[in-house]
Amino acid sequence: MPNRSYLFPIAFLLLGLSFLLNLSLGSVMIPFGEIVSGIFSGEWTKTSWEQIILNYRLPKALVAIFAGIGLGLSGLQMQTFFRNPLAGPFVLGISSGAGLGVAILMLAGSAFGFALSGINSWAIALAGVTGAGLVLSAVSLVAWKVKDSMTLLIVGLMFGSAVSAVISVLSYFSGAEALKLFTVWSMGSLGALGWSQVGILGILIALGCIPVFGSIKSYNALLLGEAYAKSMGIRTETMRWLMIGSTGILAGGITAFCGPIAFIGIAVPHLARIVWKSSDHRVLFPASALIGAILLLLCDAAGQLPGFASTLPINAVTSLVGAPIVIGLILKRNFSRDF
Amino acid sequence: MSEFRQHIALEGKGLTLGYLHQKTRKLILEDLDFRLFKGELTCLLGPNGVGKSTLIKAILGQINPWKGEILLEDEPIQNFNTENLAKQISVVLTDPVFPGNMTVGQLVALGRTPHTGWTGKLSSTDREIVEKALSDTKIAYLRDERLSEISDGQRQKAMIARALAQDGQLIILDEPTAHLDLVNRFEIMQLLREIAATKAKSVLVVTHDLDIAVETADRFWLMNCGTPVVSGKPEDLIISGAINLLLPGEKYRFSLERGKMEFEIQDSKFEFSGPQELVFWVKKAMDKAGIGKISELIQVTHRPFSIRYKDLEFAQISDFVSFLKR
């Protein structure tokens, strides 16, 4: 067995480098050395650099790390639980739910002819969490009734479609201004959060990780399918609730604060399997968390368009940058064989 | 009477099983009695749809009996929780789910799942048991191979090793030899027999492979629609003719001489001379070709093989049969 645990220090090193790169790139280039000495000594060559790093880029980089970890972990949970390589954090309709919450906040006023004042990032996050929570509760009610995980998956996808349709209707009737606002939200953004929101997101991610640690063994047993897992003493019913709870908090929280971030959640677990060549969740969970964080940091850095004042939306970048990478890896190694 | 001296691992008493399908009760099995003994390889045989899978599900505690009970070591199966049942019964199922990245060693180690702590980390005892399971199934050399890169027969052995590592009283296998070639089928069943005998475990195999089951099983359970489970040594069941329970109608019968299922031949009247074993195959080919009555003697000779019929001589059965068909 190729023991690839030596990859973890390398991944941590890469994470550190991506973190620095992410902090350094932007409309203003700040050298690595300045960032390191600035953060540790608190003395900056230019005060503008201090402002940029501490108030804008550092929270953004942390959000990228948190979101990367959360999406990677929830994607891996979904893929193993449903034994489906196409599953991701949003298959149970979580992002659509959050989208609906935000859409109602941003579009309903315009669509129904009244104005909602004071749309700030807190309100958006709250609307997102509420929406994701509602859809997740609906899916959970179904999960209570159905025994079969494949049915649950289909129901989740249907809920997502139905909710997206509601959003479409809202969009159709709303004004140009509100629509633009919502469209921008739906492209995702890592940089819109202040320190206090970063703290909340961090707490949510930590909370969502607890069920993951608790069920590593169960996920390994689930690799052989639900029937085998049961025969090995795994309570798959309990696991389903842990899984719904964990991905709800992780993916729901991330979508509420950052908007939907496509692609990462599906691609990262595959990358972890390909790179670590393992199916053991004791390896795959930390590996997915690391790769998720690295990938999102790099995608965000790439979206900064060094030298330009504007940035690309993160949702577009993850797909633009990530898709070719993953296609390349998959072509090199037949990934369904690894799954 | 010898049954009473043997240790009963699993016992069914007046078991009635069924499903609730859209508010109608669908009865599958009624009033079954059965006993599974320690140290024996038991084969459960019966036509498709007779309720074998339902019975297995009930033994695994996944469905509750309508009537009667299943006792595992004299304790009703409902009294075991998922984890404790997993410590007693392990399974090899038909659905092939194999994560490609997993190695044989990791797969077998998964068998320790009900015995390990929350991270699934193996203790030194666990590791010893895994090694033992690998060597008992003679696949220790495959330890580091990935499941996607070994043959079907090797994978099935790995699944059996996993079940063995789970270390329960009882191993249940659902058609473990389906999709395997002839040699592998024999090897797998022989392996299961060894496991049952040397590890003092009860092994229950659901199979349709009558030939190989006759060769390897210590006991048969025969199931057919509407009849109780017939249990006994395969040889006893063959001699008593109870084995024909598996064969519907008059078309087939179990040949006492050959130990396998055959078409009931409608009195083909051929006259033969020559060695018995050669005549058998010539006759078989003629029966298959649907050749009716032949009045004259067919002489079969050995070394070199030849068939004499009337004044003609044939070196191969195919020539002879095509001549007769003309």
Side-chain angles (χ1 to χ4, degrees), chain A residues 1-4 76 79-80 82-85 147 150 210-239 242 269-287 333-339, chain B residues 53 56-57 59-62 80-107 109-122 142-149 158-159 162-163 165-168 170-174:
Chain A
M1 181 176 58
N3 187 356
R4 296 202 165 198
L76 179 59
Q79 287 179 2
T80 302
F82 291 115
R83 290 304 298 141
N84 188 327
K147 283 231 159 78
M150 195 53 77
I210 294 171
V212 174
F213 290 122
S215 39
I216 290 176
K217 169 171 124 169
S218 312
Y219 277 110
N220 276 339
L222 260 185
L223 285 173
L224 300 182
E226 242 176 296
Y228 272 115
K230 266 189 202 152
S231 85
M232 289 188 274
I234 302 299
R235 286 156 221 245
T236 47
E237 242 95 291
T238 319
M239 259 202 88
L242 286 177
H270 289 301
L271 289 175
R273 279 186 209 99
I274 289 172
V275 174
W276 266 266
K277 285 200 170 186
S278 175
S279 55
D280 186 345
H281 286 77
R282 274 170 292 176
V283 173
L284 287 183
F285 274 123
R333 274 190 65 86
N334 182 354
F335 90 117
S336 61
R337 224 183 51 176
D338 286 327
F339 182 68
Chain B
S53 312
I56 299 295
K57 273 187 191 158
I59 294 175
L60 292 175
Q62 287 172 8
F80 291 84
N81 65 21
T82 321
E83 194 153 302
N84 285 334
L85 198 62
K87 287 178 184 167
Q88 298 292 333
I89 305 180
S90 57
V91 291
V92 175
L93 303 167
T94 31
D95 36 322
V97 264
F98 296 115
N101 258 336
M102 194 181 271
T103 63
V104 171
Q106 288 170 333
L107 176 75
L110 274 186
R112 299 305 296 161
T113 301
H115 304 270
T116 54
W118 62 275
T119 58
K121 196 170 161 46
L122 300 182
L142 290 172
R143 190 183 297 113
D144 297 335
E145 297 291 325
R146 290 178 191 285
L147 291 175
S148 53
E149 287 155 9
M159 288 312 285
R162 188 207 62 81
Q166 206 169 318
D167 205 23
L170 182 57
I171 304 177
I172 297 175
L173 302 97
D174 196 357

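What you are looking at is a predicted structure, and each value in this text was computed from that prediction instead of being measured. By convention in this document, chain letters (A, B, ...) are assigned in the order of the sequence lines, proteins followed by strands, and residues within each chain are numbered from 1. Side-chain atoms are counted along with the backbone in the values below, which use heavy atoms only and exclude waters and symmetry mates.
- Distance alone, capped at 3.5 Å, is enough to place a donor-acceptor pair between the Arg146(B) side chain and the Asn101(B) backbone.
- When all heavy atoms are compared, the tightest approach of Gly117(B) to Lys217(A) is O-CD, 3.1 Å.
- Side-chain atoms of His281(A) and Val212(A), non-hydrogen and from C-beta on, never get closer than 4.5 Å to each other.
- Heavy-atom distances place both the backbone and the side chain of Lys121(B) under 4.5 Å from chain A.
- Remark: Phe285(A) CZ to Leu76(A) CG distance equals 4.5 Å, nearest 0.5 Å.
- Contact of Leu93(B) with chain A is made through backbone and side chain together, with heavy-atom distances under 4.5 Å.
- Residue Thr113(B) touches chain A through both its backbone and its side chain, counting heavy-atom pairs closer than 4.5 Å.
- In this structure, a donor-acceptor pair under 3.5 Å is absent between the side chains of Gln106(B) and Arg162(B).
- With a 4.5 angstrom heavy-atom cutoff, Asn81(B) touches chain A only via side-chain atoms.
- Heavy-atom distances place both the backbone and the side chain of Val92(B) under 4.5 Å from chain A.
- The backbone N or O of Arg235(A) lies less than 3.5 Å from no partner atom in the side chain of Lys230(A), so there is not a single donor-acceptor pair.
- Neither the backbone nor the side chain of Arg143(B) comes within less than 4.5 Å of any heavy atom of chain A.
- Looking at Leu107(B), the atoms closer than 4.5 Å to chain A (heavy atoms on both sides) all sit in the side chain, from C-beta outward.
- With a 4.5 angstrom heavy-atom cutoff, Leu110(B) touches chain A via backbone and side-chain atoms both.
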